[in-house]
Amino acid sequence: MSLEIPTSVKVWSQFIHPTLMWILFALSLYALYLGVLVRRTRSAEGEAKKELIKGKFNIKHYQVGSLLLAVMVVGTLIGMGVTYINNGKLFVGPHLLVGLGMTGLIATSAALSPLMQKGQNWARYSHIFLNVVLLVLFGWQAITGVEIVQRIISKM
């Protein structure tokens, strides 16, 4: 017994991954903003620090980061699954390989959280470095992803 997916679902499912990734890219920029506010809070003094602490930026950054990790992993799987369903194979190329690498980087970055909470500065700096690399790669992925979406649209 095989399950046949309706053609209309196959066609429109191709846009789930790119839409999700653009939302994720925007959310990543928001996480960066929150991270900057966390750093600012950490280095502030006196009344300025008291005011920044009220923003609970560390908690928000942690929550957004957790959401980013989950959506990145699920979004990667969706992109691969939809590609396989629609084409019977994955296209092993730079977009796929960089996306898989990004998934590993975000998992590594998130795994540093317990060490950062214990005050390990090397983990904090590694987290920042990995996330800057992620954002650069994400920008590149956005460009190559738009090219892929344009190819899909041209074949419709």
Ring pair (Phe, Tyr, Trp, His ring centres under 6.0 Å) between Phe15 and Trp12: does it pass, once the steps are laid out? CA-CA 6 Å; Phe15 299 103; Trp12 295 108; 5.6 Å; yes
Rounded to the nearest 0.5 Å, the CZ atom of Arg39 sits from the CG atom of Asn58 at a distance of 13.0 Å
Flag if over 12 foreign heavy atoms under 6.0 Å of NZ, Lys49: yes
Parallel, tilted or perpendicular: ring planes of Phe25 versus Phe138, cut at 30 and 60 degrees: tilted
Output all residues satisfying side chain to side chain donor-acceptor pair (under 3.5 Å) with Asn131, sequence neighbours left out; order by chain, then residue number. Ser109, His127
Do you know which two heavy atoms are closest between Met102 and Met72, and how far apart they sit? CE-CE, 3.9 Å
Set of residues satisfying ring-ring contact (aromatic ring centres under 6.0 Å, His included) with respect to Tyr62, sequence neighbours excluded: none
Residues 77-94, side-chain donor-acceptor partners within the protein, below 3.5 Å, at least two apart:
unit_1, atom_1, unit_2, atom_2, d
Thr83, OG1, Gly79, O, 2.8
Asn86, ND2, Lys10, O, 3.3
Asn86, ND2, Val82, O, 3.0
Asn87, ND2, Thr83, O, 2.9

Mark yes or no for whether Glu51, through its side chain, and Ala48, through its backbone, hold a donor-acceptor pair below 3.5 Å. no
Just verifying a value: how many Å separate Met116 CE and Trp122 CH2, rounded to the nearest 0.5 Å? 10.0 Å
Output the distance between atom OG (Ser154) and atom CZ (Arg151), rounded to the nearest 0.5 Å. 8.5 Å
Atom pair OG1/CG of Thr108 and Leu69 - distance to nearest 0.5 Å: 10.0 Å
